[in-house]
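We count residues from 1, following the sequence as given. Indexing begins at 1, ligand by ligand and atom by atom, following the structure's order.
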Amino acid sequence: MTSVDALPTPFELTPETTALVIIDMQRDFLLPGGFGESLGNDVSLLQKAIGPLRDLLEAARAAGILVVHTREGHLPDLSDCPPAKLQRGNPSHRIGDPGAFGRILIRGEYGHDIVDELAPVEGEIVIDKPGKGAFYATELQDVLTAAGVTRLLVTGVTTEVCVHTTVREANDRGYECLVVSDCVGSYFPEFQRVGLDMISAQGGIFGWVADSAAVVPALALASTPA
Ligand code: C5J
């Protein structure tokens, strides 16, 4: 066991009970010309997370901890998309509409998949989720239980939407979550700052926050045989 220097207190890292969760690092959200940019967002704010996250992913693979990737999206017939979600937002860019990288947020389309830099390798879990939270209508909790995981390193996009929703869901289910601050991204700098502050405020109301410079060496240390 190793301690990560984190807010509001050190976070105990135990590789055998910890998973790296990578939320929605999908082309639709991150690539220039994609869905995210078509809504007027600056995707470079999200792309900043790719480099640190690739390093963290390599460290997690080297440490042998469970790696879980998620993808937000829907079945081609949209039967798993509530009307309230479908009808929300810019009418010319709705879920299922044609986009630069295929139908927007539809499973199997190029834009729905994970960016090349963070592509899952064999043995890693990929959870397809219809909602913002990774626990809602998915097998995530069963997967974590079967693996004996109780502590999550949470990363991905966007900080205030799918990362936050997932951390809140996890917290209510009893998981200890550490959000890796430079491995999450928001289109809105203010939401990034406040979203991270909200995790560790009030004595860690939703969990812990640390940057990858603190987590990566701790992962290496924790997984080195004594
Ligand atoms: C959004 C997400 N922002 N993955 N999805 O709609 O955060």
Side-chain angles (χ1 to χ4, degrees), residues 20-50 53 57 67-75 78 80-97 99-107 109-115 117-120 125-138 140 152-171 177 179-196 198-199 206-207 209:
L20 172 63
V21 179
I22 305 178
I23 306 281
D24 302 357
M25 291 297 282
Q26 295 162 255
R27 298 183 181 115
D28 269 338
F29 294 124
L30 284 134
L31 290 194
F35 174 50
E37 192 176 76
S38 75
L39 296 176
N41 295 307
D42 175 2
V43 291
S44 72
L45 293 167
L46 265 53
Q47 288 180 340
K48 277 197 298 194
I50 294 176
L53 187 42
L57 177 57
V67 175
V68 178
H69 305 257
T70 73
R71 299 183 295 203
E72 180 179 353
H74 298 277
L75 298 168
L78 297 174
D80 61 348
C81 186
K85 183 176 182 185
L86 197 55
Q87 283 150 23
R88 205 95 44 86
N90 187 330
S92 64
H93 295 97
R94 286 195 168 144
I95 293 166
D97 286 348
F101 302 128
R103 291 180 68 205
I104 293 166
L105 291 183
I106 297 298
R107 293 184 195 176
E109 300 285 349
Y110 181 76
H112 172 263
D113 213 347
I114 293 165
V115 295
E117 296 89 331
L118 303 170
I125 309 285
V126 179
I127 302 275
D128 281 315
K129 62 187 186 63
K132 303 303 183 195
F135 287 86
Y136 169 68
T138 73
L140 179 57
L152 308 178
L153 304 175
V154 187
T155 64
V157 298
T158 61
T159 309
E160 76 280 10
V161 183
C162 291
V163 170
H164 242 270
T165 307
T166 299
V167 168
R168 289 167 188 237
E169 287 181 330
N171 186 58
C177 297
V179 177
V180 188
S181 56
D182 52 337
C183 297
V184 294
S186 171
Y187 298 122
F188 304 94
E190 183 69 355
F191 293 173
Q192 171 81 352
R193 186 180 65 74
V194 175
L196 289 169
M198 287 169 70
I199 302 288
F206 295 123
V209 175

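Listed by number with element, the atoms of ligand 1 under 4.0 Å from a non-hydrogen atom of K132 are 1 (C), 6 (O). The contact set between ligand 1 and D24, taken as ligand atoms under 4.0 Å from a residue heavy atom, comprises 2 (C), 4 (N). Residue V161 has at least one heavy-atom neighbour below 4.0 Å for each of these atoms of ligand 1: 1 (C), 3 (N), 7 (O). Set against the non-hydrogen atoms of V157, the atoms of ligand 1 under 4.0 Å away are 2 (C), 4 (N), 7 (O).
Protein heavy atom at the shortest distance from atom 2 (C) of ligand 1 is C162 SG, 2.7 Å. At the shortest separation from atom 7 (O) of ligand 1 among protein heavy atoms lies T158 N, 2.9 Å. Of the protein's non-hydrogen atoms, E72 OE1, 2.9 Å is the one closest to atom 5 (N) of ligand 1.
E72 pairs with exactly one of Q26, H112, K132 by the side-chain hydrogen bond (donor to acceptor under 3.5 Å, both in side chains) rule, that one being K132.
Every residue meeting the side chain to side chain contact (heavy atoms under 4.5 Å, CB included) condition with E37, not counting sequence neighbours, appears here in chain and number order: P32, V43. Looking at residues two or more places apart in sequence or on another chain, you find a side chain to side chain donor-acceptor pair (under 3.5 Å) between S186 and E160.
Residues K85 and H74 approach most closely at NZ-NE2, 2.9 Å, considering heavy atoms. Heavy-atom minimum distance, D42 versus Y187: O-CD2, 3.8 Å.
One distance of note links CG of D182 with CD of Q192; it measures 9.5 Å at 0.5 Å rounding.
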